[in-house]
Amino acid sequence: MNRLALKCGLSAAAGVLTAVPFAAGAVYQRVRTRQDDRELPGLGELVDVDGRKVHVRRMGTPSPGLTVVFESGLSSPLEMWSWIQAAVAESVPTISYDRAGIGWSEAGERPRTAERITGEFERLLEVLDVRGPLVLVGHSYGGMLLRAFAQRHPDRVAGVVLVDAAHPEQLERSARQRLGLPLMRASVRSSLFWSRFGRNRLRKVDDGSQLAGLAEREKNTTVARMMTTRNWSASDAEIDAWLEHVVDEIRATTFPADTPLFVVTAEETEKADPVHGELQRELAAMSAVSVQQTLPGATHLGMLCSAGSARGVTAAVLEVVDAARTGRAVKPVEATEATQATQATEAEPPGEQP
């Protein structure tokens, strides 16, 4: 065999050997995803909305009055609201759901503009026969999305809670957010690529992760959904839409002047980026009846996943519900000793995820 033939043969063999782990990883990913689908089903129900399955979790006794609706941040399955939704549902009907492609919901049309997401949400409410006033609760990126619904349906917005919510000008005005964007996009796209070959499953959710604060079943279900390629593909599409469409769509949106509005800010996010606190106070200025309150010790994801921080967010939601029902002004809530003690354990630095 001449040298050229030998070199070509070795190159071909190397290519085959390189492809083997990827092929094996792809098989492993499919097998484990099917296993998770069987053993860790979503905690809600799959509802048919115009031929697409949407994962919804309804808690609380249905009534003709207020309904609290939760809008999640990027990549976040509805199970991440579990602490807060269960507590709020003791007083008022609640709905959490997975946007298209996230969690257990089937993928939807692209681009993932605020107009499209709002239209899908409107149809979901129709299918669920939810026709009364709403208290909208949005975390992170979800806080921007619910503004589009409020602009289209001001008569249905009884109150709003923004949980460490994104601001349409944060990339323009915050150097930290601007510098963190490429890292966030790279992280999402890396997770998307490696999810096809099961690589993400090698990472364990240890005690240092903010997801570890969820109850065991909720944590395992959340992690299983975040291992899927569909979840990361949808997240990547939402980031593209956020930069290309959503910011411009919602930049000028606001709430009715008398809407009870509670802006809850994570202390650790604000400490890491002082501009974040400034932007949070601007969000509160969207209503003349509002409160902006920083939650001691809370991190961006820990506001939902830590039982202690979740109690602080729950108190804010119930405060807005009561203000909406009685017509009184919304006021700050007091953190309990239990809340503060639990928050003190949240040591993980805040993420850049909007």
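Keep in mind it's a predicted model, so treat the numbers as computed, not measured.
- Heavy atoms only, all atoms of each residue included: Pro77 and Asn231 are closest at CG-OD1, 4.5 Å.
- Partners of Ser96 according to the side-chain hydrogen bond (donor to acceptor under 3.5 Å, both in side chains) rule, which considers only residues two or more places apart in sequence or in another chain, are Gln85.
- Considering all non-hydrogen atoms of both residues, Pro62 and Pro93 come closest at CA-CG, 4.0 Å.
- Considering every non-hydrogen atom in both Ala166 and Gln170, the closest pair reads CA-OE1, 3.3 Å.
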| Does the salt bridge (Lys or Arg N to Asp or Glu O under 4.0 Å) test come out yes or no for Arg34 and Glu39, once each step is laid out? | CA-CA 9 Å; Arg34 292 194 190 104; Glu39 299 177 0; over 6 Å; no
Kindly determine whether Ser233 and Arg110 satisfy side-chain hydrogen bond (donor to acceptor under 3.5 Å, both in side chains), including the steps that lead there. CA-CA 11 Å; Ser233 178; Arg110 300 184 182 187; 2.8 Å; yes
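- Residue Ile95 is not grouped with residue Trp104 when hydrophobic side chains (ILVMFWY) are merged at heavy-atom distances under 4.5 angstrom, including chains of intermediate members.
- Residues Asp36 and Arg38 are not paired through a salt bridge, judged by the lack of any N-O separation under 4.0 Å between the basic side chain and the carboxylate.
- The line from CG of Leu214 to OG1 of Thr221 is 9.5 Å long, rounded to the nearest 0.5 Å.
- When only modelled atom types and interatomic distance are considered, Asp164 and Thr269 share a side-chain donor-acceptor pair under 3.5 Å.
- Judged by distance alone, with hydrogens and angles left aside, the side-chain atoms of Trp232 form a donor-acceptor pair with the main-chain N or O of Met226 at under 3.5 Å.
- In this structure Arg281 satisfies the salt bridge (Lys or Arg N to Asp or Glu O under 4.0 Å) test together with Glu270, sequence neighbours excluded.
- No side-chain heavy atom of Leu134 sits less than 4.5 Å from a side-chain heavy atom of Leu66.
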For side chain to side chain contact (heavy atoms under 4.5 Å, CB included), just list the numbers for Arg123 and Asp50, CA-CA rounded to whole Å, side-chain angles, deciding distance to a tenth of an Å, and then say yes or no.
CA-CA 8 Å; Arg123 286 290 297 127; Asp50 298 330; 2.8 Å; yes
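- Arg225 has its side chain within reach of Asp37: a pair of non-hydrogen atoms, C-beta onward, lies under 4.5 Å apart.
- Screening residues 255-282 for ring-ring contact (aromatic ring centres under 6.0 Å, His included), with sequence neighbours left out, gives no hits.
- The cluster map of Ile, Leu, Val, Met, Phe, Trp and Tyr, joined by side-chain heavy atoms under 4.5 Å apart, puts Val49 and Ile102 in different clusters.
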**Message:** Apply side chain to side chain contact (heavy atoms under 4.5 Å, CB included) to residues Val127 and Asp48 and explain how you reach the verdict.
**Reply:** CA-CA 8 Å; Val127 170; Asp48 188 281; over 6 Å; no
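- Inter-residue side-chain proximity for Glu115 and Arg152 is flagged as met; some heavy-atom pair is nearer than 4.5 Å.
- Atom CG of Leu146 sits about 6.0 Å away from atom CG of Leu162, to the nearest 0.5 Å.
- Ala288 meets the side-chain contact (heavy atoms from CB on, under 4.5 Å) test with no other residue; sequence neighbours excluded.
- The pair Glu172-Arg251 counts as a salt bridge, with a side-chain nitrogen and a carboxylate oxygen less than 4.0 angstrom apart.
- To the nearest 0.5 Å, the span separating CD on Glu319 from CD on Glu334 amounts to 11.0 Å.
- Without hydrogens or angle criteria, Thr222 side chain to Glu79 main chain gives no donor-acceptor distance under 3.5 Å.
- For the 3.5 Å distance criterion, the side chains of Thr253 and Gln151 fail to qualify, holding no donor opposite an acceptor.
- Contact of the Arg116 side chain with the His245 side chain is not registered, since no non-hydrogen atoms from C-beta on lie closer than 4.5 Å.
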**Request:** Let me see the working for Thr94 and Thr67 under side chain to side chain contact (heavy atoms under 4.5 Å, CB included), right down to the final yes or no.
**Result:** CA-CA 6 Å; Thr94 65; Thr67 298; 5.9 Å; no
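- In this structure, Arg99 CZ and Ser235 OG are separated by 8.5 Å, a value rounded to the nearest 0.5 Å.
- Note that CG of Leu74 and CG of Asp236 are 10.5 Å apart. Values are rounded to the nearest 0.5 Å.
- Between Val333 and Gly312, the shortest heavy-atom contact is CG2-O, 4.4 Å.
- Atom NE2 of residue His139 and atom OG of residue Ser72 lie 9.0 Å apart, to the nearest 0.5 angstrom.
- The shortest distance between side-chain heavy atoms of Val289 and Leu261 does not fall below 4.5 Å.
- A donor-acceptor pair shorter than 3.5 Å cannot be found between the side chains of Gln210 and His300.
- Taking the side chain as every heavy atom from C-beta outward, Leu295 and Met303 approach each other to under 4.5 Å.
- Contact check for Val320 versus Val160: no side-chain heavy atoms found under the 4.5 Å cut-off.
- A chain of hydrophobic side-chain contacts below 4.5 Å, direct or via other Ile, Leu, Val, Met, Phe, Trp or Tyr residues, connects Leu145 to Val130.
- The pair Arg173-Glu278 counts as a salt bridge, with a side-chain nitrogen and a carboxylate oxygen less than 4.0 angstrom apart.
- Closest of all the heavy-atom pairs between Arg52 and Gly108 is CD-CA, 4.1 Å.
- Sorted by first and then second residue, the ring-ring contact (aromatic ring centres under 6.0 Å, His included) pairs involving residues 75-99 (not counting sequence neighbours) are Phe70-Trp81, Tyr97-Phe121.
- Looking only at side-chain heavy atoms (C-beta outward), Gln292 and Leu283 stay at 4.5 Å or farther from each other.
- Connection of Leu279 to Leu243 is not established within any shared hydrophobic cluster, with ILVMFWY side chains joined at heavy-atom distances below 4.5 Å, either directly or through further cluster members.
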Q) Between Arg112 and Glu120, does a salt bridge (Lys or Arg N to Asp or Glu O under 4.0 Å) hold up when you go through it step by step? A) CA-CA 11 Å; Arg112 303 303 300 158; Glu120 292 170 352; 2.6 Å; yes
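- Nearest heavy atoms, Ser105 versus Ala100: CB-CA, 4.3 Å.
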Tell me which donor-acceptor pairs under 3.5 Å the side chains of residues 53-60 have, and how far apart each pair is, sequence neighbours excluded?
from: His55; atom 1: ND1; to: Asp98; atom 2: OD2; distance (Å): 2.7
from: His55; atom 1: NE2; to: Gly44; atom 2: N; distance (Å): 2.9
from: Arg57; atom 1: NH1; to: Ser82; atom 2: OG; distance (Å): 3.0
from: Arg58; atom 1: NE; to: Glu45; atom 2: OE2; distance (Å): 2.9
from: Arg58; atom 1: NH2; to: Glu45; atom 2: OE1; distance (Å): 3.3
from: Arg58; atom 1: NH2; to: Glu45; atom 2: OE2; distance (Å): 2.8

Go through it in stages, so that I can follow the logic: the residues are Arg147 and Glu249, the test is salt bridge (Lys or Arg N to Asp or Glu O under 4.0 Å), and I'd like the CA-CA distance, side-chain angles, deciding distance and then a yes or no. CA-CA 10 Å; Arg147 291 171 59 170; Glu249 288 178 283; over 6 Å; no
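- Under the 4.5 Å side-chain heavy-atom criterion for grouping Ile, Leu, Val, Met, Phe, Trp and Tyr, Val27 is not connected to Phe193 through any hydrophobic cluster.
- Checked for salt-bridge contact, Arg178 and Asp273 miss the test: no charged N lies under 4.0 Å from a carboxylate O.
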With salt bridge (Lys or Arg N to Asp or Glu O under 4.0 Å) as the criterion, how do Lys331 and Asp322 come out once you've worked through the C-alpha distance, each side chain's angles and the decisive distance to 0.1 Å? CA-CA 10 Å; Lys331 62 182 186 295; Asp322 190 60; 5.5 Å; no
Practice item. Please step through side-chain hydrogen bond (donor to acceptor under 3.5 Å, both in side chains) for the pair Arg199 and Gln29, ending with a clear verdict. Key: CA-CA 8 Å; Arg199 177 84 172 269; Gln29 172 68 7; over 6 Å; no
